[in-house]
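Structure first, then comments.
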Amino acid sequence: MYMKTEQEQEQSTVKINGTECISGADAILQCLIEEGVDTIFGYPGGAIMPVYDKLMDYDSKLRHILTRHEQGAAHAAQAYAMVTGRPGICFATSGPGATNLVTGIANAFLDSVPVVFITAQVVSNLIGTDAFQETDIIGVSMPVTKWNCQVKKPQEIPEAIAKAFYIAKSGRPGPVLIDITKDAQLEKLNFKYKKCDYIRSYNPHIPLHIKAIESAAIMINHAERPLILAGHGVLISEAEDELKAFAEKTGIPVACTLLGLSGFPSDHRLFTGMLGMHGNYGPNLLTNEADLIIAIGMRFDDRVTGNLKKYAQKATIIHIEIDEAEINKNVIVDVEINNDAKDVLSYLIPLVNENSFEKWIREFRICDKTEYEKVIKPDTKPEKGEIRMAEVVSLVSEMTKGEAIIVTDVGQNQMIAARYYKFSHPNSFVTSGGMGTMGFGLPAGMGAKIGRPDKQVITFVGDGGFQMTLQELGTIFQYNVPVKIIILNNNYLGMVRQWQEMFFEKNYASTELVNPDFVMISRAYNIPAKKVSKRKELDSSLKEMLDADGPYLLEVMIEKEGNVFPMVEPGKSVSEIRLTY
């Protein structure tokens with residue numbers, strides 16, 4: 001890599017009155033360093049070329065990961081943020097480079113993940129002229145960003161980036177986008193950076209609602225069948241320890257949403273499983289038997305509630321949620337606590353009584369036994385037939401002792417991984433929740449491993465979703481990212497096929513896939529790979545994959561028409577959850 005000489009660097013940086021006179025491109029990179037950034041995911045192009053030119057001078061401080069597609073960069077940056085707790089950073093050029101980010105931006109927005117997107121724009125005097133690769137990315141991204149802005153002057157860069165980081169990280173986090181014109185990147189400014197900690201009219205730090213918390217404590221102390229619903233907000237606010245302490249003191253059982261998984265230990269005696277359409281039998285069925293629901297950092301989305309008219313009709317509901325817009329949006333609640341989950345639980349724990357609800361918890365265990373006999377045992381310990389998805393995930397969970405970071409794509413592979421992996425640590429499950437983006441898994445697995453090189457990172461993908469972003473094998477190859485990839489291959493778009501089987505009289509319209517040789521593709525990228533179709537080879541093949549020093553792809557041929565159960569059918573109540581087809 002070419003590095004500029006000291007003389008060349010001195011020519012591009014001049015001191016004026018104690019401040020540096022540098023280009024806007026330099027300023028962008030220095031701002032990122034001031035914010036503690038060390039990794040950028042991106043893809044260069046004409047409008048952002050000045051930034052990439054300067055990036056070579058910061059090789060020792062900023063690592064740039066060149067993905068094979070901007071969507072891959074966006075997903076990788078989100079996963080990086082989810083496993084590290086720091087904002088992900090993503091670069092793209094103007095026009096198609098910027099619009100290729102939109103799916104990734106929307107994904108981060110719906111899942112409340114802080115990612116700072118920096119796009120380039122054509123020179124200022126060409127804006128609005130339909131210039132080559134000009135697109136109004138501010139207008140396009142506005143509905144799916146927490147905040148965005150366009151910068152046309154180099155002097156505006158430091159303040160814009162400081163605000164972006166503050167907004168992305170504070171309150172309910174989310175993606176932000178800064179669009180910077182090419183001339184602003186080239187022109188000079190007197191550089192001075194000040195981190196942002198206040199914006200007028202933006203108040204993410206809300207004083208505790210003490211009276212509401214005290215009212216909640218009284219309700220909790222008098223409840224007979226309480227249930228905690230823990231969402232992604234528990235992980236975002238780093239309230240895992242407080243949730244555990246609160247649950248253990250009160251004896252209240254805990255269920256997690258899809259994105260809330262890993263926020264509460266899977267092997268804890270109070271853990272009842274996952275909520276939602278393909279969640280566990282007990283927490284779905286018994287939601288409608290609870291007399292008190294304590295919802296923490298979750299938004300009552302349709303996949304959790306099922307038919308709203310039949311949802312939790314016997315329960316008083318306490319909602320702890322940092323985003324006021326989510327309170328009473330889908331479910332009308334009795335006690336609103338519009339605060340950070342960690343702060344609320346810290347204040348609440350001393351107010352609640354030590355208790356136990358053994359009789360109530362026993363009902364969950366009865367449901368667990370029923371689910372085990374009718375669903376889990378046949379799925380994980382089949383006596384004959386083709387390999388099943390659940391037995392693959394279950395074996396991986398046993399082999400890694402729940403210590404790995406699990407990343408998934410979307411579909412049956414996602415639901416099975418969520419159901420059967422036993423999570424031991426917070427922020428160890430990375431998936432696309434609200435957006436449900438096929439193609440998320442491979443680039444996200446790469447980003448998670450780059451963010452946490454100390455952890456084993458395993459990505460479960462389906463054969464359909466894998467082919468949407470398989471070009472990122474090139475990035476994995478170039479940077480030797482030792483992520484482990486498991487393709488659960490049934491030659492179908494599995495989740496869509498399941499719905500076609502159940503609701504469209506097995507009319508498998510456009511869901512059967514004729515797939516390429518995934519092993520050959522992987523080896524073309526110099527990534528070791530193996531295909532398994534026999535159960536007797538599964539155990540040893542998984543061990544070979546896990547023991548590999550670098551990246552590894554394992555294709556597992558699974559039953560073609562396997563389904564994911566339990567299932568709450570669309571329009572049904574959560575208490576109408578089905579165990580079998």
Side-chain angles (χ1 to χ4, degrees), residues 39-46 48 52 63-80 88-108 115 117 119 133 407-411 413-414 430-432 435-451 457-489 491 493 513-531 550-555:
T39 302
I40 301 163
F41 299 90
Y43 204 98
I48 202 169
Y52 275 84
R63 171 178 54 170
H64 181 270
I65 304 297
L66 172 62
T67 60
R68 295 304 181 266
H69 192 283
E70 290 88 355
Q71 182 181 344
H75 292 327
Q78 174 177 340
Y80 179 95
I89 311 298
C90 189
F91 283 177
T93 195
S94 63
T99 58
N100 280 345
L101 293 175
V102 173
T103 296
I105 296 170
N107 201 89
V115 183
F117 292 92
T119 58
Q133 292 192 332
V407 183
T408 79
D409 208 86
V410 167
N413 67 88
Q414 175 189 37
V430 177
T431 195
S432 170
M435 191 75 168
T437 303
M438 288 181 68
F440 177 80
L442 184 64
M446 175 181 71
K449 185 61 182 179
I450 290 170
V457 176
I458 301 163
T459 296
F460 288 98
V461 296
D463 46 313
F466 177 66
Q467 292 182 81
M468 289 190 171
T469 51
L470 65 76
Q471 73 278 348
E472 297 310 329
L473 289 174
T475 312
I476 292 169
F477 167 44
Q478 179 171 345
Y479 297 96
N480 192 30
V481 183
V483 62
K484 306 302 188 290
I485 306 151
I486 300 176
I487 302 176
L488 299 175
N489 185 357
N491 292 108
L493 299 176
L513 296 171
V514 177
N515 289 320
D517 189 326
F518 293 127
V519 171
M520 286 186 66
I521 290 173
S522 183
R523 289 176 178 169
Y525 285 103
N526 205 30
I527 297 172
K530 186 176 183 180
K531 182 177 181 177
Y552 194 104
L553 183 145
L554 182 66
E555 179 186 6

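Counted within 6.0 Å of NZ on K530, heavy atoms from surrounding residues, nucleotides or ligands total more than 12; the atom is thus considered enclosed.
Proximity of T469 to H69: side-chain heavy atoms (C-beta onward) are nowhere separated by under 4.5 Å. Considering only heavy atoms from C-beta on, F440 stays 4.5 Å or farther from T103 through its side chain. Using a 4.5 Å cut-off on side-chain heavy atoms (C-beta onward), P443 and T67 make no contact. Annotation: side chain of L470 is not in contact with side chain of S522 (no heavy-atom distance under 4.5 Å).
Note: Q71 CD to N107 CG = 8.5 Å, rounded to the nearest 0.5 Å. In this structure, CD1 in I40 is found 4.0 Å from CZ in F91, a value given to the nearest 0.5 Å. With values rounded to the nearest 0.5 angstrom, I521 atom CD1 is found 8.0 Å from I487 atom CD1. With rounding to the nearest 0.5 angstrom, the CZ atom of F466 is 5.0 Å from the CG atom of L553. Note that CG of N515 is 5.0 Å distant from CG of N489, once rounded to the nearest 0.5 Å. In this structure, L488 CG and L554 CG are separated by 9.0 Å, a value rounded to the nearest 0.5 Å.
Looking only at distances, a side-chain donor or acceptor of E472 sits under 3.5 Å from a matching main-chain atom of R68. Checked by atom type and distance alone, the side chain of T408 never pairs as donor or acceptor with a backbone atom of Q414 at under 3.5 Å. No donor-acceptor pair under 3.5 Å is formed between the side chain of K449 and the backbone N or O of A444.
Applying the side chain to side chain contact (heavy atoms under 4.5 Å, CB included) criterion to M468, with sequence neighbours excluded, gives M438. Listed by chain and number, the residues in a ring pair (Phe, Tyr, Trp, His ring centres under 6.0 Å) with Y552 amount to none (sequence neighbours excluded). A108 pairs by the side chain to side chain contact (heavy atoms under 4.5 Å, CB included) definition with Q78, V113, V115, P175, not counting sequence neighbours.
Between P551 and N480, the shortest heavy-atom contact is CD-OD1, 3.2 Å. Of all non-hydrogen atoms in A98 and T119, the two that sit nearest each other are CB-CG2, 4.0 Å. Heavy-atom minimum distance, A448 versus A79: N-CB, 3.8 Å. For G104 against A74, the heavy-atom pair with the smallest separation is CA-CB, 3.7 Å. Shown here for N100 and E70, the closest heavy-atom pair between the two residues is ND2-OE1, 3.0 Å. Taking both residues in full, the closest heavy atoms of N526 and P528 are given as O-CD, 3.8 Å, listed atom of the first, atom of the second, then distance.
Screening D409, I485, T475, V407 against L442 for a side-chain contact (heavy atoms from CB on, under 4.5 Å) leaves a single residue, I485.
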side-chain contact (heavy atoms from CB on, under 4.5 Å), that's the test. Do F518 and D463 meet it? Break it down for me. CA-CA 9 Å; F518 293 127; D463 46 313; 3.9 Å; yes
Show your working on side-chain contact (heavy atoms from CB on, under 4.5 Å) between H75 and T437 and close with a plain yes or no. CA-CA 10 Å; H75 292 327; T437 303; 3.8 Å; yes
Please evaluate residues Y52 and T93 with respect to the criterion side-chain contact (heavy atoms from CB on, under 4.5 Å), reporting the C-alpha separation (whole Å), side-chain torsions for both, the decisive distance (0.1 Å), and the verdict. CA-CA 10 Å; Y52 275 84; T93 195; over 6 Å; no
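Ring orientation note: the planes of F41 and Y80 are nearly perpendicular, at an angle over 60° on the 30°/60° scale.
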